[in-house]
Amino acid sequence: MNIKALNGFKDILPGEVELWQRLEGLARDIFARFNFSEIRLPILEKTDLFTRAIGEATDIVEKEMYTFVDKQVTMRPEATASLLRAYIEHGLHVQKPVQRLFTIGPMFRHERPQKGRLRQFHQMDVEVLGSTSPRIDAEMMAMGAMLLAEMGLSVSLEMNSLGCPVCRPGFRVSLLAFLDDRHQALCDDCKRRSVTNPLRVLDCKNPRCREQVLEAPSLLDHLCGDCADHFSGVQKGLEQLGVRYSLNKFMVRGLDYYTRTTFEFITGDLGAQAAVGAGGRYDGLIEQLGGPSVPGIGFALGMERLVLLLQQKEAELPVSGVDLFVAALGTQSTHFGFALAHGLRTSGMRVAMDLEGRSLKGQMKLAGRLGAPHVLILGENELAEGKAVLRNMATQQQQEIVLQDEAATVQILIKIISL
RNA sequence: GUGGAUGUAGCUCAGCUGGUGGUAGCACCUGGUUGUGGCCCAGGAGGUCGUGGGUUCGAGUCCCAUCAUUCACCCCA
């Protein structure tokens, strides 16, 4: 067998997929509590959409996109751009002044895979469009925190403000001046960064750079009046909702479109991939994409990373996929059991049956492995007398069942088993 | 794109300075119980030792290349 999944692409097998379902189920429940609606989006978009939304100069656009060059289309590397495209295309701002939307699905980035990072990965993406209220920012973070808490994960929240087009240029100037003075002390990456994206120097992991940057001018000290007001409003909101967070004035987001509030949910349990979720406000982006002048904020949760955390936390999920196992011995019994199983399934029961002609012992073993709470044993002798045996696997008690016509037998079994 | 580590059964792994691939564990199949699961016992099946070259009388073992996996950097969820 030489055909294998592509590097960075992964199958999610039974046993793990249950965790995904639980994660997604809980997320949907919580998104509903906060009055979010689902939107399903295509995976392919015009390449232009991403270069405009994410930024020409970002790593994602420069070297990580799966693009069909001849067709000018790209497999989405993130969800926000697609979601905003749909929002603009369908005039959703007219239908509701404030839209709360979420979407769940795969994203694609051509990066070198490592722990918690794949080339096809999955995100749960949440966006609120049409509100500048700092309470929305607080609510978003509170919702993320609630989801993580209800998953039983302990994750910390860090927040920062990146200001806006009014205040960021001023900050940039003083940061550049500061970096110029220490250019020689910075690592090679940061020397490059101080030209291409000076803000990034602030969150370099190199200890020497960190030290240099400690005294750097802070974004938070350069906020304009509106941004400062907004920022303190967000903090008040978080306090009111009892969300624990810390300020990280060095936190910078990788995408160009962020303004004001940015935040990350951080864990120490995933190696180099600290962020399980991240997002922020992007007040100018919709307009920039040709839409109405509407503010927005959103964040994405990395599902692979959450599942890894869940796997570390609990070894195994109990899988109970079956209500009844039908064990048949002989042709007559198998013939009868085959139809009976179908009748039970039609009535909503989860039924497993072995059709390989195994010994009763083999069938019992299968039933045990499947975790079937009951086994209906159809033996030739009993069948001849119109009877069968129902075994409770936990108590090992068995009772005789009188087989009437199929419909009646189904009813009897459902009644006994649902007790 | 850069650096390190690792490729032996479905999975986890032994395999010494080169000398016939492991009674290894888990899982699987059969039997011990003419028709009763988990535990136990016995047996069985399962391999191009990632791939291709090279060195050698002889390579799982040494060398080169290549592919894959993985961790980290860059970057990011």
Side-chain angles (χ1 to χ4, degrees), chain A residues 1-10 13 15 54 57-64 77-80 104-126 144 155 187-190 192-193 196-197 200 203-206 252-255 263-267 270-280 298-309 325 327-330 333 354 356 358-383 388-398:
Chain A
M1 180 65 168
N2 267 328
I3 303 177
K4 297 207 279 189
L6 289 172
N7 189 9
F9 290 69
K10 197 179 141 245
L13 302 176
I54 298 169
T58 57
D59 277 29
I60 293 180
V61 168
E62 271 184 0
K63 51 189 194 193
E64 295 175 2
E78 56 114 46
T80 304
I104 299 175
M107 311 293 158
F108 304 85
R109 290 182 201 170
H110 190 97
E111 306 177 87
R112 258 319 239 285
Q114 67 190 74
K115 189 183 175 88
R117 172 204 276 169
L118 295 170
R119 289 182 171 174
Q120 175 178 335
F121 60 103
H122 298 77
Q123 290 187 338
M124 303 190 289
D125 193 78
V126 189
V155 167
C187 71
D188 288 348
D189 280 325
C190 281
R192 175 176 54 79
R193 277 192 279 245
T196 59
N197 193 349
R200 281 239 149 261
D203 69 350
C204 181
K205 282 173 197 154
N206 185 309
V252 175
R253 304 292 317 134
L255 282 46
F263 55 94
E264 289 184 357
F265 292 99
I266 305 279
T267 175
L270 283 182
Q273 269 56 247
V276 298
F299 72 97
L301 294 161
M303 297 181 75
E304 277 78 7
R305 295 180 183 181
L306 292 174
V307 167
L308 280 173
L309 290 177
F325 189 96
L329 294 159
S333 301
D354 174 69
E356 311 308 314
R358 265 176 242 276
S359 66
L360 180 58
K361 175 179 170 162
Q363 296 189 56
M364 293 301 291
K365 212 170 164 182
L366 268 178
R369 197 196 309 162
L370 292 171
H374 298 272
V375 176
L376 182 70
I377 301 168
L378 300 169
E380 296 279 81
N381 301 340
E382 289 91 333
L383 195 68
V389 171
L390 183 67
R391 177 179 176 88
N392 181 316
M393 295 293 272
T395 65
Q396 304 189 30
Q397 286 175 341
Q398 304 193 158

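What you are looking at is a predicted structure, and each value in this text was computed from that prediction instead of being measured. Below, chain A is the first sequence line, B the second, and so on; all start at residue 1.
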Find the distance [X]:[atom1] to [N]:[atom2] and express it as a whole number of Å.
{"X": "Leu329(A)", "N": "rU33(B)", "atom1": "CG", "atom2": "P", "answer": "18 Å"}
{"X": "Lys365(A)", "N": "rC40(B)", "atom1": "NZ", "atom2": "P", "answer": "11 Å"}
{"X": "Met393(A)", "N": "rU36(B)", "atom1": "CE", "atom2": "C1'", "answer": "8 Å"}
{"X": "Arg119(A)", "N": "rU70(B)", "atom1": "CZ", "atom2": "P", "answer": "11 Å"}
{"X": "Lys361(A)", "N": "rC41(B)", "atom1": "NZ", "atom2": "P", "answer": "13 Å"}
{"X": "Asp59(A)", "N": "rU2(B)", "atom1": "CG", "atom2": "P", "answer": "15 Å"}
{"X": "Arg369(A)", "N": "rU36(B)", "atom1": "CZ", "atom2": "P", "answer": "18 Å"}
{"X": "Leu360(A)", "N": "rG37(B)", "atom1": "CG", "atom2": "P", "answer": "8 Å"}

Quick one: on RNA chain B, does Glu380(A) or Phe121(A) contact a more 5' nucleotide (nearest heavy atom)?
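Of the two residues, Glu380(A) wins.
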
Upstream residue (5' side of RNA chain B) when Ala367(A) and Glu111(A) are each assigned their closest nucleotide
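Upstream on the strand: Ala367(A).
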
[X] near the nucleic acid: base, sugar-phosphate alone, or nothing, with a heavy-atom cut-off under 4.0 Å?
{"X": "Ala278(A)", "value": "sugar-phosphate"}
{"X": "Gln396(A)", "value": "base"}
{"X": "Glu62(A)", "value": "nothing"}
{"X": "Ile266(A)", "value": "nothing"}

Base partner of [N], which must satisfy Watson-Crick or wobble distances under 3.5 Å:
{"N": "rG21(B)", "value": "none"}
{"N": "rU36(B)", "value": "none"}
{"N": "rC28(B)", "value": "rG44(B)"}
{"N": "rA72(B)", "value": "rU2(B)"}
{"N": "rA9(B)", "value": "none"}
{"N": "rC16(B)", "value": "none"}

Think Gln114(A) has a side-chain N or O under 4.0 angstrom from the OP1 or OP2 of rC73(B)?
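Looking at the OP1 and OP2 atoms of rC73(B), one of them is under 4.0 Å from a side-chain N or O of Gln114(A).
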
For rU69(B) and Asn7(A) - does any side-chain N or O of the residue sit under 4.0 Å from the phosphate oxygens OP1/OP2?
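For Asn7(A), the contact criterion (side-chain N or O under 4.0 Å from OP1 or OP2 of rU69(B)) is met.
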
Between the base of rC73(B) and the side chain of Arg112(A), is there any donor-acceptor pair under 3.5 Å?
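No pair found.
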
Apply the side-chain contact (heavy atoms from CB on, under 4.5 Å) test between Arg109(A) and each candidate in Arg119(A), Lys63(A), Glu78(A); give the one that qualifies.
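For Arg109(A), the side-chain contact (heavy atoms from CB on, under 4.5 Å) check succeeds only for Glu78(A).
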
